[in-house]
Participant: 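Provided herewith is a single structure, encoded as structure tokens, for subsequent inquiry.
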Amino acid sequence: DTEVTQTPKHLVMGMTNKKSLKCEQHMGHRAMYWYKQKAKKPPELMFVYSYEKLSINESVPSRFSPECPNSSLLNLHLHALQPEDSALYLCASSSPQGKRTGELFFGEGSRLTVL
Amino acid sequence: GEDVEQSLFLSVREGDSSVINCTYTDSSSTYLYWYKQEPGAGLQLLTYIFSNMDMKQDQRLTVLLNKKDKHLSLRIADTQTGDSAIYFCAENSGTYKYIFGTGTRLKVLA
């Protein structure tokens with residue numbers, strides 16, 4: 001199973017709403033990532049969890065709040081977003097082995113629209 | 001800075017070969033990757049090459065690496081309409097930060 005599952009596939013929210021994006025993998029990977037992707041652009045790293053601890057936060061605004069409840073799950077909590085936050089949010093995982101970070105496996109993404 | 005450059009667009013006829021190029025900047029990169037992204041979907045890992053290799057072949061895909069020029073290419077043999085997508089190269093030097101290229105949109109004409 002080389003699958004990363006993201007829900008929901010599409011999300012429309014107002015600027016005052018609170019919502020969450022969810023990500024799950026059962027490959028035993030110990031690193032999980034959130035990326036943001038705008039149209040026709042490469043993915044931009046937001047957060048990395050390594051062994052369930054936040055390892056990297058790329059200066060992401062606090063209206064985005066990540067959570068890693070266990071080694072298989074990764075959430076992204078959204079609150080008071082702005083229209084410019086509309087994008088495809090991609091979850092990924094990898095299996096660190098020694099000095100090797102491992103290949104990134106991506107989910108299908110959650111398309112977020114902020115009204 | 002860390003810029004990984006790719007040409008924006010490539011158009012080929014079905015059955016021809018496609019060559020997508022990538023120029024990276026970090027000489028300490030240990031792994032280089034190629035990803036495919038179809039519309040509305042996530043990134044699919046196609047193949048990767050370790051920096052001590054200069055070529056890797058996997059069915060219709062051939063990856064060439066020129067470390068001296070920091071140049072990576074992906075050749076797709078017998079290109080099909082299903083190969084139409086955006087292709088991203090990515091480099092990684094063993095940290096959790098992968099540097100993605102700007103992406104090349106491949107259009108395959110029937």
Side-chain angles (χ1 to χ4, degrees), chain A residues 2-7 9-10 21 23 25 27 29-51 53-59 74 87-113, chain B residues 1-10 20 22-26 28-53 56 58 61 63 84-107:
Chain A
T2 55
E3 202 169 272
V4 177
T5 305
Q6 289 188 243
T7 55
K9 196 165 172 60
H10 299 278
L21 305 181
C23 175
Q25 58 88 14
M27 295 179 278
H29 289 177
R30 301 312 299 268
M32 295 187 75
Y33 308 69
W34 280 115
Y35 283 86
K36 173 184 178 180
Q37 188 181 28
K38 291 284 211 179
K40 300 182 183 178
K41 298 288 185 184
E44 299 171 27
L45 183 63
M46 298 175 73
F47 303 102
V48 181
Y49 273 82
S50 172
Y51 296 88
K53 289 187 172 24
L54 185 63
S55 185
I56 294 176
N57 176 343
E58 290 285 88
S59 303
L74 186 66
L88 182 68
Y89 288 85
L90 293 162
C91 175
S93 68
S94 71
S95 178
Q97 294 164 4
K99 291 184 180 178
R100 193 171 160 234
T101 317
E103 302 82 64
L104 280 178
F105 289 89
F106 283 88
E108 289 293 288
S110 293
R111 171 78 56 192
L112 174 67
T113 303
Chain B
E2 296 173 324
D3 287 333
V4 180
E5 297 290 336
Q6 297 180 238
S7 50
L8 276 179
F9 187 77
L10 176 65
I20 302 170
C22 169
T23 303
Y24 62 97
T25 56
D26 186 355
S28 66
S29 291
T30 51
Y31 284 90
L32 295 133
Y33 302 87
W34 282 105
Y35 284 88
K36 174 185 180 185
Q37 187 175 31
E38 297 185 53
L43 277 72
Q44 175 194 353
L45 176 65
L46 290 178
T47 188
Y48 64 92
I49 190 167
F50 188 46
S51 58
N52 69 352
M53 300 168 66
K56 181 178 180 182
D58 185 358
L61 306 179
V63 179
S84 293
I86 300 177
Y87 290 80
F88 292 99
C89 62
E91 58 174 332
N92 179 263
S93 54
T95 70
Y96 291 115
K97 293 192 179 185
Y98 294 73
I99 310 299
F100 285 88
T102 47
T104 300
R105 181 178 296 273
L106 173 65
K107 184 172 181 178

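Computed from a prediction, not measured in an experiment: that's the story for all the values here.
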Participant: In terms of ring plane angle, is the pair B:Y35 and B:F100 parallel, tilted or perpendicular, where the classes change at 30° and 60°?
Facilitator: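 Answer is tilted, since the angle falls between 30° and 60°.
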Participant: With no hydrogens and no angle check, do the side chains of A:S94 and B:Y96 hold a donor and an acceptor under 3.5 Å apart?
Facilitator: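 Side-chain D/A pair, A:S94 to B:Y96: absent.
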Participant: Against chain A, work out which of B:L43, B:I86, B:T102 has the most heavy-atom pairs shorter than 4.5 Å and name it.
Facilitator: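 Top option by heavy-atom pairs under 4.5 Å: B:L43.
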Participant: Relative to chain B, which segment of A:E44 carries a heavy atom at a distance below 4.5 Å: side chain, backbone, both, or neither?
Facilitator: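 Answer is neither: A:E44 stays 4.5 Å or more from chain B.
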Participant: For atom NZ of A:K41, is the number of surrounding heavy atoms from other residues, nucleotides or ligands below 6.0 Å larger than 12?
Facilitator: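 Result for NZ/A:K41: open.
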Participant: If you count every heavy atom of other residues, nucleotides or ligands that lies below 6.0 Å from A:R30 atom CZ, does the total exceed 12?
Facilitator: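 Yes - once you tally the heavy atoms of other residues, nucleotides and ligands closer than 6.0 Å, there are more than 12.
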Participant: Given that the side chain runs from C-beta out, which part of B:E38 has a heavy atom under 4.5 Å from chain A: side chain, backbone, both or neither?
Facilitator: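 No part of it gets close to chain A.
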Participant: Which atoms of A:E58 are under 4.5 Å from chain B, going by heavy atoms: the side chain, the backbone, both sets, or neither?
Facilitator: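 The answer is the side chain of A:E58.
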